[in-house]
Amino acid sequence: MGSENVAQPKMPKLKYWRFELDFEKIGWLTIDTPKSPVNVLGTECMAELETLSLRFEDLVASDELAGVVLLSAKENGFIAGADVREFDAMSDPSILPDALKRAHAVFNRIENLKVPVVAGIHGFCLGGGFELALACHYRIAVNDDKTRIGFPEVKLGIFPGFGGTGRSIRQAGPVAAMTAMLTGKFYRAGAAKGMGFVDKLVKHKDQLRWEARKAVMQRRKSEPAGFTKRVMAMGPLRGFTANKMRETVRKKANKKHYPAPHKLIDMYEKHGDDPKSLIKAELEYFPPLMATDTAANLRRVFFLSEGLKSQGVQKGPKPKFARVHVVGAGVMGGDIAAWCALRGMEVTLQDLDLERIAPALKRAKSLFKKRLRKPNLVAAAMARLTPDTEGKGVGRADVVIEAIVENLEIKQKLFSSIEPDLKPNAILATNTSSIPLENIASALKDPSRLIGLHFFNPVAQLPLVEVIEQKGNSEEIVRIGASFCTAIGKSPVVVKSAPGFLVNRVLMPYMLQAVMRVEKGENPVTIDKAAVAFGMPMGPIELMDVVGLDVGKSVAEELGQEVKEGGKFSGLVAAGKLGRKTGEGFYKWEDGKPQKGEAAKVADLEALGRELVKPLVDECEVCVKEKIVANADMADIGVIFGTGFAPFLGGPMQARKDGKA
Ligand code: T1G
């Protein structure tokens with residue numbers, strides 16, 4: 001914007017930021033964190049911003065600065081928040097309060113600059129990055145599918161600590177802002193504008209500069225939330241909204257396990273009608289949360305999940321996956337095909353006839369409508385998902401995934417029939433959950449090319465894919481399988497081919513021991529309640545009903561864990577009472593919900609929970625010892641992503657290490 005011939009003012013030496021003054025005295029401030037794929041607000045970066053904010057005050061005073069525009073140099077986004085890699089060190093209560101105070105001072109200085117400060121947002125604008133944008137006077141965002149704006153802090157066991165509590169409430173009103181902070185949800189640009197977080201949308205990143213220049217020249221200012229929104233934080237209404245928030249949060253986050261959302265509501269209840277005092281209160285409420293085990297464990301889970309990508313191809317060109325062929329249009333095959341199409345792949349879905357494929361296409365359409373919303377995007381995704389009764393897609397596919405009936409002979413027949421048509425480098429995978437890969441691969445001319453890609457039901461909700469490595473596989477082919485999972489936005493964990501792989505193997509003893517307790521007359525409601533009190537997403541008996549008693553029984557038998565004949569479990573299976581899918585199992589089910597009676601009084605529910613979960617943790621230790629997974633970290637992240645095991649405990653192995661399981 002014409003700064004080449006303009007005399008630049010004396011500026012501090014910068015490593016994380018670039019600053020250029022143009023001929024209209026607009027200061028173009030660009031963030032570009034060196035050696036990082038994303039921009040983060042680390043300590044050094046914030047120190048530079050502090051110096052810059054002081055310099056801006058001088059330049060405004062000497063009439064050398066007419067406005068500031070904040071942009072990101074990174075292709076993938078604006079700012080991804082504070083630098084989570086520094087949090088372990090930062091959580092030291094002797095340094096964190098001062099660091100927070102300094103950050104608040106910097107953002108206040110930016111907010112109080114006497115010239116317009118405009119943020120130009122593309123891609124993700126998260127956490128502290130979003131808080132910095134909120135400290136600016138006006139926010140412009142690119143209205144495309146990549147822009148995501150939000151406060152993920154609660155997923156790290158904390159909440160916004162750079163002034164985002166007060167500023168988000170000022171912009172969006174207490175209900176929308178607190179929802180954003182309590183859920184950690186990422187909003188698209190349009191939604192963020194509708195909430196009052198963004199003031200102007202542009203179609204493309206290239207328009208940000210021009211639109212920002214106009215905003216500076218016209219001294220545009222963001223409108224705070226109107227009275228009808230703000231009133232919800234006033235007087236008795238604030239207590240009412242706080243209690244409504246508590247009711248919602250209580251359902252999802254046990255206060256003992258996840259204190260942050262509950263503390264945020266307490267802080268809101270005390271200061272929510274005055275953004276400035278709410279921001280100040282962050283200095284008191286935020287530091288203790290950073291020091292909690294929950295925050296430390298959630299940070300660990302964040303890095304473990306980020307680290308899963310390193311199981312993919314690391315050397316040489318990243319493998320490209322454009323076409324996927326799925327054989328088997330049942331629940332799993334259909335949902336895997338739909339997920340791949342949702343993620344932009346060209347997908348052919350094979351089954352014996354169109355009647356068998358039609359239900360999968362129907363489910364796919366409702367997934368696309370829910371996730372993509374815009375009719376043109378839904379239509380495009382549907383166009384990427386082609387029924388293929390003759391298997392013509394096999395020869396063009398980069399990845400072929402088999403998800404047909406769990407029958408060895410039928411799988412072997414299928415694989416030997418399609419092997420000749422495969423592209424030389426195509427990935428050949430089975431979604432089997434119980435048949436040893438070596439047995440299936442024995443039907444192939446080249447058995448070494450078969451891997452397992454074990455997805456979890458429901459595919460659209462559960463992030464984990466177990467990448468099953470059989471003895472004959474090369475490391476490279478397993479890595480390509482893991483890269484494919486990352487490419488479709490899934491979290492791969494490489495697991496050795498052994499009965500039950502990892503997740504089913506650790507879940508089964510846990511579920512069967514709970515069933516045995518029920519067989520001995522214990523109350524299933526008490527058992528489930530205790531497991532949830534420990535930190536499981538649902539109890540083992542309810543889980544058995546959800547998985548299906550027939551599936552549970554067959555997996556148990558595959559794992560050599562016999563189900564006692566003549567007992568309640570086998571009786572239910574024999575009577576066709578298979579759980580949620582038939583309307584009755586251990587529980588009766590209505591509208592998809594288990595009809596549970598009262599739990600019995602238990603002296604120490606959490607202790608019972610630890611007892612119930614012990615078989616799962618014990619089996620996890622065996623899996624690590626047997627090298628079913630590479631190490632305890634992989635076991636932790638695999639079990640968390642595959643079973644929902646208490647993330648706040650960091651996973652079964654971490655929980656045992658900490659004496660909590
Ligand atoms: N800190 C440090 N590293 C980060 C980071 C962060 N905030 N965000 C991402 N990374 C790394 C990540 O580990 C990975 O590294 C790479 O960048 C991203 O690659 C005061 C206190 C931003 C949506 O929680 O959600 O601000 O593995 O493949 O899929 O109130 O990363 O490649 O070496 O993941 O496009 C709040 C967490 C912090 C954001 C990008 N912010 N990050 O996803 O790329 S708390 C977050 C993400 C805070 C303030 C509070 C995602 C992403 P590597 P990627 P992506």
Side-chain angles (χ1 to χ4, degrees), residues 16 31 33-46 49 72 74-91 96-97 99-104 106-107 121-135 145-168 177 180-181 183-188 260 264 267 278-279 282-283 285-287 289-292 295-296 298-312 314 318 343 463 482-483 485-492 637:
Y16 297 84
I31 181 169
T33 308
K35 301 195 199 72
S36 168
V38 297
N39 285 321
V40 289
L41 297 175
T43 318
E44 282 181 27
C45 176
M46 286 295 284
L49 187 61
S72 155
K74 299 279 186 204
E75 205 36 55
N76 59 14
F78 183 66
I79 299 173
D83 188 342
V84 183
R85 288 164 296 204
E86 296 181 348
F87 281 20
D88 284 349
M90 289 303 278
S91 58
L96 183 55
L100 274 190
K101 270 196 203 109
R102 278 182 69 184
H104 282 207
V106 173
F107 284 25
I121 298 165
H122 73 281
F124 40 73
C125 171
L126 305 173
F130 182 20
E131 294 176 280
L132 175 53
L134 285 169
D145 200 37
K146 293 203 182 78
T147 299
R148 291 286 186 278
I149 295 169
F151 290 121
E153 286 88 340
V154 74
K155 295 175 191 159
L156 294 170
I158 49 179
F159 57 65
F162 284 174
T165 57
R167 293 192 175 100
S168 62
M181 291 186 272
T183 59
K185 190 166 179 275
F186 291 179
Y187 296 93
R188 294 162 188 271
L264 175 59
M267 189 174 93
L278 192 64
I279 291 173
E282 287 174 16
L283 301 175
Y285 282 75
F286 184 90
L289 289 171
M290 272 287 267
T292 57
L298 291 178
R299 284 198 292 277
R300 180 171 173 270
V301 169
F302 167 71
F303 284 115
L304 288 181
S305 68
E306 293 292 324
L308 293 179
K309 293 185 281 280
S310 64
Q311 298 170 104
Q314 298 302 304
K318 282 249 184 286
R343 300 289 304 195
S483 291
C485 295
T486 304
I488 59 170
K490 286 293 175 187
S491 299
I637 196 65

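In what follows, residues are counted from 1 in the order of the sequence shown. In each ligand, atom 1 is the first atom listed, and ligand 1 is the first ligand listed.
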Table of N or O contacts for ligand 1, cutoff 3.5 Å:
from     : atom 1 : to     : atom 2 : distance (Å)
ligand 1 : 1 (N)  : Val84  : N      : 2.9
ligand 1 : 7 (N)  : Ala80  : O      : 3.1
ligand 1 : 7 (N)  : Ala82  : O      : 2.9
ligand 1 : 26 (O) : Ala82  : N      : 2.8
ligand 1 : 26 (O) : Gly128 : N      : 2.9
ligand 1 : 28 (O) : Lys309 : NZ     : 3.3
ligand 1 : 30 (O) : Glu131 : OE1    : 2.4
ligand 1 : 30 (O) : Glu153 : OE2    : 2.7
ligand 1 : 30 (O) : Gly161 : N      : 3.0
ligand 1 : 34 (O) : Glu306 : OE1    : 2.7
ligand 1 : 41 (N) : Ala80  : O      : 2.8

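Once rounded to the nearest 0.5 Å, the distance linking CG of Leu100 with CG of Leu283 reads 6.0 Å. Put simply, CZ on Phe130 and CG on Leu134 are 4.0 Å apart, with the number rounded to the nearest 0.5 Å. With values rounded to the nearest 0.5 angstrom, Phe107 atom CZ is found 5.5 Å from Leu41 atom CG.
With Lys74 contributing its side chain and Thr33 its backbone, the two residues share a donor-acceptor pair below 3.5 Å.
In this model, no donor atom of one side chain and acceptor atom of the other lie less than 3.5 Å apart for Glu75 and His122.
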Quiz: residues 148-162 side-chain donor-acceptor pairs under 3.5 angstrom, not counting sequence neighbours:
from   : atom 1 : to     : atom 2 : distance (Å)
Arg148 : NH1    : Asp145 : O      : 2.9
Lys155 : NZ     : Gly184 : O      : 3.2

